[in-house]
Amino acid sequence: MKTVGVFDSGVGGLSVLRALLAESPGVRFIYVADSAYAPYGERTVSEITDRSERITAWLRQTHRIDALVVACNTATALAIDSLRDTHPDLPIVGVEPALKPAAAMSHTRHIGVLATRGTLNSERFARLRTQLERTASSPVHFICQPCDGLADAIERDDLQTQQALCKRYAAALREHAPGDMDTVVLGCTHYPFAADLLAQFLGPDVTLVDTGMAVARRTRDVLGTSIENDSAAAPPRLLSTGDPTALSRAASRWLGIQAHAEKLAV
Ligand code: DGL
């Protein structure tokens with residue numbers, strides 16, 4: 001059985017784990033929520049690189065993982081190059097805001113992007129955006145909105161703050177969009193868990209796009225496994241550097257997994 005390590009700044013990467021479990025039921029996933037250091041969105045590059053290196057080293061030492069999924073847009077944007085340099089023998093799959101799928105599906109060509117400040121300010125994101133603006137079949141406009149505090153509110157399960165922030169950021173996107181916006185990219189793995197609120201404030205004409213399934217398919221390709229050949233479902237192991245009960249609760253509510261999350265000190 002193949003083993004894959006997955007990590008995020010906290011509970012957000014569970015949105016990616018949900019897709020991974022659906023796509024590769026016979027793979028054993030070890031999920032690390034770095035909740036003691038969340039949110040990553042407003043941290044420095046060296047802090048995020050250090051956390052990503054420590055978690056990856058722990059996953060390799062303890063589980064001999066066959067691949068790593070960086071289930072965090074911010075860590076992908078700021079630390080994946082360094083991880084690939086340090087671990088050239090380990091297949092590493094990252095998560096990037098779904099600009100390309102959004103550009104392929106948008107009719108109005110005005111696309112909102114919600115992500116952390118770290119992701120939106122990164123060189124990696126700038127490259128992705130410029131490349132698509134240059135190569136899309138017809139001109140496309142991205143309206144980028146940093147969502148300070150939203151991942152943190154999801155992390156803390158604070159519904160009132162989530163509601164206020166989703167309302168604020170949806171209004172900001174609308175205000176800055178030069179025309180009708182029909183597509184919004186959820187560029188942080190925490191945001192799918194606030195999708196209902198965002199949909200409510202953005203209105204019925206807007207389609208929300210995230211990358212969970214694309215990442216899961218890419219991971220299956222990297223592992224060389226197939227859904228048909230997979231053995232029986234393996235329960236994921238869940239670990240948190242913060243409060244493990246918060247991770248267990250989130251996994252139960254969002255993924256229907258009844259797992260006892262463990263405390264991890266790295
Ligand atoms: N879930 C992460 C992302 O996809 C990070 C959110 C945060 O910790 O700020 O960007």
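Just so you know, ligand 1 is whichever comes first in the structure, and atom 1 is the first atom listed for that ligand. Worth knowing before you read on, the calculation uses all heavy atoms, side chains too, and leaves out hydrogens, waters and symmetry mates.
- The closest side-chain donor-acceptor pair between H63 and R28, if any, does not fall under 3.5 angstrom.
- Looking only at atom types and distance, the side chain of Y40 has a donor-acceptor partner in the side chain of D34 under 3.5 Å away.
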Test log, rule side chain to side chain contact (heavy atoms under 4.5 Å, CB included), inputs E23 and R217
CA-CA 7 Å; E23 193 69 10; R217 280 193 293 270; 3.3 Å; yes
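- In the model, T74 has a side-chain atom that pairs as donor or acceptor with a side-chain atom of T116 under 3.5 Å.
- E155 and S35 share a donor-acceptor pair across their side chains, judged by distance under 3.5 Å alone.
- Taking the centre and axis of the six-membered ring of F142, the NZ or CZ atom of R129 falls outside the cone set by 45° and 6.0 Å.
- Near ligand 1, residues D8, S9, P39, Y40, G41, C72, N73, T74, T116, A151, C188, T189, H190 come within 4.0 angstrom through at least one heavy atom.
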